[in-house]
Number of protein chains: 2
Amino acid sequence: MGNRLNGFGDCSIEVERACPIELTLHIIGGKWKGVIINILSKKDTRFNELKRLIPGISQRMLTLQLRELEADGIVKRKVEETIPIKVGYSLTHQGESLTPIIQSMRMWGNDYISKNE
Amino acid sequence: MGNRLNGFGDCSIEVERACPIELTLHIIGGKWKGVIINILSKKDTRFNELKRLIPGISQRMLTLQLRELEADGIVKRKVEETIPIKVGYSLTHQGESLTPIIQSMRMWGNDYISKNE
DNA sequence: CTGTATCCTCACAGATACTG
DNA sequence: CAGTATCTGTGAGGATACAG
C-alpha cells in the first residue's frame, strides 16, 4: 500500500472521523489523479494515449502519478511484451469504486462554474 | 471568487469534462480543508474551537485555509463585536452542497482502510 | 512506446513572535 | 480571542535529456 498520511495515526478523538476524508483526498488529490481516474473509468488506456489526452502533463508526472495510484491499489498496469512494448492502464475494483465520487465532483464543479461565472 | 486553476482554460476538447473535477479537487484539496468542511457541516464553529478540534494545525494555516474557503464561497465568516472579539465560521449554501461528497469520501476512506489493513 | 535520470524553482507549509 | 508578520525549509512538480 502507498504512503500513509503524515500523522495519520495522530488523529484525536475529536477528528478521527475526519481522517478517512484526508486519506481519500490524499489518494485522489494529486494534481493529475482526478483526470487520470476519470479517463480510466471510461476505458483502459495506454501510456501515450493518456499523455495525449492530458495536455500539459509531462512524462515524468504521468509516470509518477500512475505509480502512486498503482501503489495505492487504484490502478492496474499491464505490460504487452511486443516490440515496441505497450503498457495498458486500467482501474482496479477499488479504483472503480471511486468513480461515483469523481462523478459527483464533476457535477459539483460544473454547477459551481455555472453559478460563479 | 478565488484563484482559478492554472491552465484551467487550457482544457482540450478531450479533457474538458475532466476540468470541473480538477476545480472541485482544487477547492476542497487543501491540506486541512476536508477536515474544516467536515467540522463546519456539523455545527458553526469559532476560530479557537476549530484550532482545538484540529490538532496539528497552526494558527497561520487555519487562517489561510479559512480565507481560501471564504474566497471560494464555501465558508461564511461572522464577526461578533464583543470584547474579546468572537468570529464564527459556517458553511455557505454552496459549502453545504459539498457535504455529500465529503461524506462519500469519508465512507470510501473507511472502506479502504478496512480492506487494506 | 514507455519510461528513468537530473537539475531546478517556487509555492506551500512549519515555527515563532507579535498585536488590537 | 482571533488573528498578522517574518523567516525558513521541504518537496511537489516542471524542463530537458537519455535509454531499453
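Every chain is numbered from 1, with letters handed out A, B, ... down the list of sequences.
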key: Sugar-phosphate, base or nothing in reach of S58(A), heavy atoms under 4.0 Å   =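 No contact at all - S58(A) keeps every heavy atom at 4.0 Å or more from the nucleic acid.
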* For Q65(A), report the nucleic acid contact type (base, sugar-phosphate, nothing); a contact means any heavy atom under 4.0 Å. =>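 Sugar-phosphate contact only - Q65(A) comes under 4.0 Å of backbone atoms but never of a base.
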Please confirm whether the shortest side-chain N or O distance from [X] to OP1 or OP2 of [N] is below 4.0 Å.
X: R77(A); N: dG3(C); result: yes
X: K51(A); N: dG3(C); result: no
X: R60(B); N: dA15(C); result: no
X: Y89(B); N: dG3(D); result: yes
X: W32(A); N: dG14(D); result: yes

[options]: which one has an atom nearest the side-chain heavy atoms of [X]?
X: V87(B); options: dG20(D), dG14(C), dA2(D); answer: dA2(D)
X: N48(B); options: dC1(D), dG3(D), dT2(C); answer: dC1(D)
X: K31(A); options: dG13(D), dT4(D), dT2(C); answer: dG13(D)
X: T63(B); options: dA2(D), dC1(C), dG3(D); answer: dG3(D)

Rounded to whole Å, how long is the line connecting atom [atom1] of [X] with atom [atom2] of [N]?
X: E68(A); N: dA12(D); atom1: CD; atom2: P; answer: 8 Å
X: E70(B); N: dG3(D); atom1: CD; atom2: P; answer: 9 Å
X: K78(B); N: dG3(D); atom1: NZ; atom2: P; answer: 15 Å
X: L62(A); N: dA5(C); atom1: CG; atom2: P; answer: 17 Å
X: M61(A); N: dT16(D); atom1: CE; atom2: P; answer: 16 Å
X: Q59(A); N: dG13(D); atom1: CD; atom2: C1'; answer: 15 Å
X: I57(B); N: dC12(C); atom1: CD1; atom2: P; answer: 15 Å
X: I36(B); N: dA13(C); atom1: CD1; atom2: P; answer: 11 Å

Any idea which heavy atoms bring E96(B) and T99(B) closest together, and the distance?
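For E96(B) versus T99(B), the nearest heavy atoms are O-OG1, 2.9 Å.
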Taking atom [atom1] of [X] and atom [atom2] of [Y], what is their separation to the nearest 0.5 Å?
X: L66(B); Y: L40(B); atom1: CG; atom2: CG; answer: 7.5 Å
X: I54(B); Y: M61(B); atom1: CD1; atom2: CE; answer: 10.5 Å
X: I37(A); Y: I102(A); atom1: CD1; atom2: CD1; answer: 4.5 Å

Notebook entry, point to check: Taking side chain as C-beta onward, heavy atoms only, is K78(B) less than 4.5 Å from D44(B)?
Noted result: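 Not in contact.
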Note to self: Between K86(B) and G29(A), which residue's closest nucleotide on DNA chain D lies nearer the 5′ terminus?
What the structure shows: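 Result of the comparison: K86(B).
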Does G88(B) or G30(A) map to a spot on DNA chain D nearer the 5' end, using the closest nucleotide for each?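 The 5'-side residue here is G88(B).
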* Do R77(B) and Y89(B) get their side chains close enough for a donor-acceptor pair, meaning under 3.5 Å? ->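 Yes - a donor-acceptor pair under 3.5 Å links their side chains.
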